[in-house]
Amino acid sequence: MRWSQTFIPTLKEVPEGAEIPSHVLMLRAGLISQVMAGAYTYLPLGLRALRKAEQIVREEMDRAGAVELLMPALTPMSLWQRTGRDRDFGPVLIHFQLQRGNRKVHLALGPTHEEVITDLVARFISSYRQLPITFYQIQTKFRNEERPRFGVLRTSEFLMKDAYSFGTSLEQLNESYQRMYEAYCRIFDRCGLEYLAVEAESGPIGGEASHEFMVPAQHGEDVLVKCDRCSYAANTERAARRKTDQPPPTEDLQPLELVDTPGASTIEQVSRFLGCEPQRLIKTLIYLADGKPVAVLIRGDHEANENKIRRFLGASRLELATPEVIEQVTKAPVGFAGPVGLEGVPLYADWDVALVRNAVVGANQNERHYRGANLGRDFLVPEDHFGDLRMVVEGDPCPRCESGTLRTSHAIEVGHVFKLGTKYSQALGARFTDRDEQLREIIMGCYGIGVNRILAALIETSHDKDGIIWPLALAPFEVVVLPLNVQDEQVRQVAWKLHDELEAQGVEVLLDDRDVRAGVKFKDADLIGFPLRVTVGQRALKQGQLELKWRWSSQAISVPVDQAAEQIPQMLQQARSVPFRQLLQEQKQDTSQTSG
RNA sequence: CGGGGCGUAGCGCAGCCUGGCUAGCGCGUCUGCUUUGGGAGCAGAAGGUCGCCGGUUCGAAUCCGGCCGCCCCGACCA
């Protein structure tokens, strides 16, 4: 391909509004162009990279035995109503009415495809002999994101690989899950991403039923928690902590004191008003667990984890109580609930609540709090009502190993594998007849990969001040040939010939045939980040040489003109056999050695 | 949904507070000459509903009101 024949609108300056490296570089390198908030055109180079990521995903899905199909983005609203997900998705689901003749049809753009695929399976699969099976597609999804942001990371239209497994038993589900998990590892390895599979919130099935594939990156939207000693890693929703035998503080007990706190109902307001640290406060949250009110105590500076609370209570649904319920339970307006004298609701507490002495708590009276409240004396929580009920924070002890400490870091979620169970097969009647002639529901799993995010995550974690550093696997072109002066007949001949020879050997090569100054070509090549750059210039040509340079290396390699077409494919082959992260790492060491 | 910022040539910006000639600058584009291994130099040229609608005024990019769009922080995110 010749530069002048394609379309590569690189930008010298950072476009207004682009903040994070992947967004800035994708725009500047001419990979994408914004159409509106949350929707981008993939320009030729961006599309090539996207297609390469897509192809890697496809190959690994096929290898794992999944079968590809393509479902429509347009779906009937009735399908979403049958599973209740029209409600669950709320405004995120893009739906609309269309006029067709004298009637109206209500359609939704698929934000995901559990309903469509399960409906398909319900129609065509009826025997255990047809199972297990895993379907997948690579298709555009639509979600009305409240706030699209960070370039291609969060958009309202995005390319997703979604796979769905169907099986007769938990064993089959676990096998499918494991196969997908391993396929994901191969995919992200091949894409040159440094990733972590972390435990994620798993919903009704429980156990290790869900993993998110996260790429640690400074600008990631998600937060992952990782042990600094062992391999434990989880997302914040899921992350647990170990119970420590920390003794309660020895501070003297103070008398319980009722204080007026006019206008102060939030933790921040109360702590400022009373001049105490938030960790001295205990907040009392009233939840409805399967419809019944419970009170949960959490230290003021901590954040409740509703999933942990739900699991701890053995409830299937948990939601914050409405103001009406709260007033009924506490006999006070929202913001003044407290454990002292609270009757008629079971009381639960996070472990750390036991470590707060002389606490500040709501008084169950309007505009009043208690100071000097103490567990055991002023309120009681049964021993077995204490648990790990809050979000972990940096520095919490690891739940897996004895000595590790939890660390948090930002990350980009690129994939998610999830054991679904029978939620959709139940709602949509996807059943099969078992060997013993019993009608049973099909057990499902679902597995997603954000294809656009693969590119963004790669760029976030592989760039320098000059531009993107692509791995060969994702680069829009593997090789760029730079004839530095296209007016020079010899330069021209050598460059054009090399390009043709490489292309004939199946190398993805771009010839920068523009009549522009050398500097412009170098800058653009670095910005776009082609893995291998071949410079054809008069200087080296005098010695019968060409100059080769890997994007991740600071050193150029000289190669005789007549051997280049033969050597370059070999070099590419060799580079492909080395993990991309290792190439980057080796280069870092090289430069630190030479500069040190 | 709460808070903040921005909208002026293809791109990045100044001008606005304190209204007043023909609305500027850099980059890019086009023409010519020179230059040719890290975003060239000189000379010239084209390119604008100053986001939109309304108001105030002799006069609005500038002041006022409404609307639209974009970005950031927070909330939310099967």
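Everything numeric in this text was worked out from a predicted model, so none of it was measured. Order of the sequence lines fixes the chain letters, A, B, ..., with proteins taken first and strands second; residue numbering starts at 1 for each chain.
For A:His95, the ring pair (Phe, Tyr, Trp, His ring centres under 6.0 Å) criterion is met by A:His106, not counting sequence neighbours. Partners of A:His416 by ring pair (Phe, Tyr, Trp, His ring centres under 6.0 Å), not counting sequence neighbours, listed by chain and number: A:Phe418. A:Arg317 is linked by a side-chain contact (heavy atoms from CB on, under 4.5 Å) to A:Asp290, A:Glu319, counting only residues two or more places apart in sequence or in another chain. Residues satisfying the side-chain contact (heavy atoms from CB on, under 4.5 Å) test with A:Asn174, not counting sequence neighbours, are A:Lys419. Remark: A:Trp550 pairs with A:Trp552 by the ring pair (Phe, Tyr, Trp, His ring centres under 6.0 Å) rule, at least two apart or across chains. A search for ring pair (Phe, Tyr, Trp, His ring centres under 6.0 Å) contacts involving A:Tyr40 returns A:His23, not counting sequence neighbours. Checked against side-chain contact (heavy atoms from CB on, under 4.5 Å), A:Asp119 has the following partners two or more places apart in sequence or in another chain: A:Leu79, A:Arg82, A:Arg123. Partners of A:Gln545 under the side-chain contact (heavy atoms from CB on, under 4.5 Å) rule, at least two apart in sequence or in another chain, are A:Ala540, A:Gln543, A:Ser558, A:Pro560.
Side-chain contact of A:Ser554 with A:Gln587: a donor-acceptor pair under 3.5 Å is present, judged by distance alone. One side chain, A:Thr408 or A:Glu394, offers a donor N or O that lies under 3.5 Å from an acceptor on the other.
B:A23 and B:G66 have their P atoms separated by 30 Å, with the value rounded to a whole Å. Rounded to the nearest Å, the gap between the C1' atom of B:G32 and that of B:A46 is 15 Å. With both ends at atom P, the span from B:G19 to B:C64 equals 12 Å, rounded to whole Å. B:C25 and B:A43 have their P atoms separated by 14 Å, with the value rounded to a whole Å. Atom P of B:C72 sits at a distance of 14 Å from the matching atom of B:G12, rounded to the whole Å. A gap of 32 Å separates the P atoms of B:G44 and B:G7, to the nearest Å. When the C1' atom is compared between B:G38 and B:U29, the two are found 23 Å apart, to the nearest whole Å. On the C1' atoms, B:C42 is 45 Å away from B:C68, given to the nearest whole Å.
Residue A:Gln178 qualifies as enclosed at atom CD: its count of foreign heavy atoms under 6.0 Å is above 12. Shown here is A:Glu303, whose CD atom has no more than 12 heavy atoms of other residues, nucleotides or ligands within 6.0 Å.
Counting 5' to 3', RNA chain B first comes under 4.0 angstrom of a heavy atom of chain A and last does so at the ends given by B:C6 to B:A78.
Judged by closest nucleotide on RNA chain B, A:Arg147 is the one of A:Arg147 and A:Cys446 placed further toward the 5' end. Toward the 5′ end of RNA chain B lies the nearest nucleotide of A:Asp515, the other residue of the pair A:Pro148 and A:Asp515 mapping further downstream.
Looking at heavy-atom distances under 4.0 Å, A:Val92 makes no contact with the nucleic acid at all. The residue A:Arg28 sits close to a base: some heavy atom pair falls under 4.0 Å. Here A:Ala540 lies in heavy-atom contact (under 4.0 Å) with a base. A:Glu114 comes within 4.0 angstrom of no nucleic acid atom, judged by non-hydrogen atoms across all strands.
When both distances must be under 3.5 Å, the Watson-Crick or G-U wobble mate of B:C63 is B:G55. In this entry B:G69 has B:C6 as its Watson-Crick or G-U wobble partner, both defining distances falling under 3.5 Å. The nucleotide B:U31 finds its pairing partner in B:A43, both defining distances of the Watson-Crick or G-U wobble pair being shorter than 3.5 Å. Base pairing of B:A14: no nucleotide in any strand meets the Watson-Crick or G-U wobble criterion (both distances under 3.5 Å). Across all strands shown, B:C1 is found opposite B:G74 as a Watson-Crick or G-U wobble partner, with both distances under 3.5 Å. Under the Watson-Crick or G-U wobble criterion, with both distances below 3.5 Å, B:G19 has no partner in any strand shown. Across all strands shown, B:G48 forms no Watson-Crick or G-U wobble pair with both key distances under 3.5 Å.
Against RNA chain B, the stretch residues 29-39 of chain A makes heavy-atom approaches under 4.0 Å through A:Gln34, A:Met36, A:Ala37. Against RNA chain B, the stretch residues 479-497 of chain A makes heavy-atom approaches under 4.0 Å through A:Leu484, A:Asn485.
Within the structure, salt bridge (Lys or Arg N to Asp or Glu O under 4.0 Å) contacts touching residues 476-491 of chain A (residues at least two apart or in different chains) are A:Glu478-A:Arg576.
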